[in-house]
Amino acid sequence: DAKTTQPPSMDCAEGRAANLPCNHSTISGNEYVYWYRQIHSQGPQYIIHGLKNNETNEMASLIITEDRKSSTLILPHATLRDTAVYYCIVRVILTGGGNKLTFGTGTQLKVEL
Amino acid sequence: ETGVTQSPTHLIKTRGQQVTLRCSSQSGHNTVSWYQQALGQGPQFIFQYYREEENGRGNFPPRFSGLQFPNYSSELNVNALELDDSALYLCASSLGGGMNTEAFFGQGTRLTVV
């Protein structure tokens, strides 16, 4: 029941900005957009999250469209160590009061020299 | 380093056996979620515990069960193992059960069922 669509793969030159798009057209008004990345089947690493406004932290920026149907993760200066699978996730409320991260298949980002 | 630790890191079980996986959450985190990640797929939600109570469950059969202890550590139990249960099992902890709090993952337990 993944609620996101991402390109399966992208390439980026080292030092350039990596812009990873994501569509989440069925997102509900109280559901957050989260981004994680995963390297070599290690545990997913938290990057950033947001609801409506654009967000920035030391790792990345998150741009969410006004209608909230899509977003873009920006890595401002990609390095070889940023090569990973990037997951765009909608955090969904559950009937029991909990919530879950709904992962799709992600984007394999390859950063090259 | 997230402070979430899982044990064991790898194990091999035979079809029909039972297995228990363990997760120690980050200090102070009272919410733990478990995910199953098959090879080449994104993680799939199994269930979530908040203050020792299950408060959400994904599309997994009852032979997948869990516990959360007073110190907020957690166990995932799988009975009657099937070959398709072979996967990376991940736990994630967070502070509170809200939507606006980061969840931090452990490194996972790689389970192989033969």
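Values reported hereafter were calculated over all heavy atoms of this structure, with side chains retained and with hydrogens, waters and symmetry mates removed. From a predicted model like this one, the values you see are computed outputs, not experimental measurements. To find a chain, count down the sequence lines: A is the first, B the second, and so on, and within it residues start at 1.
- Under a hydrophobic-cluster definition in which Ile, Leu, Val, Met, Phe, Trp and Tyr are linked whenever side-chain heavy atoms come within less than 4.5 Å, directly or via other members, L67(B) and F47(B) are assigned to different clusters.
- Without hydrogens or angle criteria, Y35(B) side chain to L101(A) main chain gives a donor-acceptor distance under 3.5 Å.
- Each of Y46(A), Y87(A), Y36(A) was compared with F105(B) under the ring pair (Phe, Tyr, Trp, His ring centres under 6.0 Å) criterion, and only Y36(A) meets it.
- Counting non-hydrogen atoms of other residues, nucleotides and ligands closer than 6.0 Å to CD of E52(B) gives a total above 12.
- For a residue to count as touching a neighbouring chain, one of its non-hydrogen atoms must lie under 4.5 Å from one of that chain's; by this rule I93(A) touches chain B with backbone and side chain alike.
- Considering CG of N99(A) and OH of Y50(B), their distance stands at 11.0 Å, rounded to 0.5 Å.
- At a 4.5 Å heavy-atom cutoff, the contact between R110(B) and chain A is made by side-chain atoms alone.
- At a 4.5 Å heavy-atom cutoff, the contact between Q38(A) and chain B is made by side-chain atoms alone.
- In the hydrophobic clustering of this structure, L51(A) groups with Y34(A); members are Ile, Leu, Val, Met, Phe, Trp, Tyr whose side-chain heavy atoms approach within less than 4.5 Å, directly or through other members.
- Between L94(A) and R57(B), the shortest heavy-atom contact is CD1-N, 4.2 Å.
- At a 4.5 Å heavy-atom cutoff, the contact between Y32(A) and chain B is made by backbone and side-chain atoms alike.
- By the rule that hydrophobic residues join a cluster once side-chain heavy atoms approach within less than 4.5 Å of another member, I74(A) and L20(A) end up as members of separate clusters.
- Taking each heavy atom of L90(B) and P44(A) in turn, the nearest pair found is CD1-CD, 3.8 Å.
- Under a cut-off of 6.0 angstrom, the local environment of CZ in R16(A) is sparse, with at most 12 non-hydrogen atoms contributed by other residues, nucleotides or ligands.
- Rounded to the nearest 0.5 Å, atoms CZ (R91(A)) and CD (E102(B)) are 8.5 Å apart.
- With a 4.5 Å cut-off on non-hydrogen atoms, S94(B) touches chain A through its side chain but not through its backbone.
- Heavy atoms closer than 4.5 Å to chain A are found nowhere in A92(B), neither backbone nor side chain.
- By number of non-hydrogen pairs under 4.5 angstrom with chain A, the leading residue of A103(B), G56(B), G58(B), P43(B) is P43(B).
- Both Y49(B) and L76(B) belong to a common hydrophobic cluster when Ile, Leu, Val, Met, Phe, Trp and Tyr are linked at side-chain heavy-atom distances under 4.5 angstrom.
- At most 12 non-hydrogen atoms from other residues, nucleotides or ligands lie less than 6.0 angstrom from CG of L39(B).
- Here the straight-line distance linking atom NE2 of H49(A) with atom OG1 of T101(B) works out to 7.5 Å at 0.5 Å rounding.
- Looking at V85(A), neither its backbone nor its side chain comes within 4.5 Å of chain B, counting heavy atoms on both sides.
- Looking at Q48(B), the atoms closer than 4.5 Å to chain A (heavy atoms on both sides) all sit in the side chain, from C-beta outward.
- The part of Q37(B) that comes within reach of chain A is its side chain, from C-beta onward, which places non-hydrogen atoms under 4.5 angstrom from that chain.
- M10(A) and L75(A) fall within the same hydrophobic cluster, where Ile, Leu, Val, Met, Phe, Trp and Tyr residues are linked whenever their side-chain heavy atoms come under 4.5 Å apart, directly or through other members.
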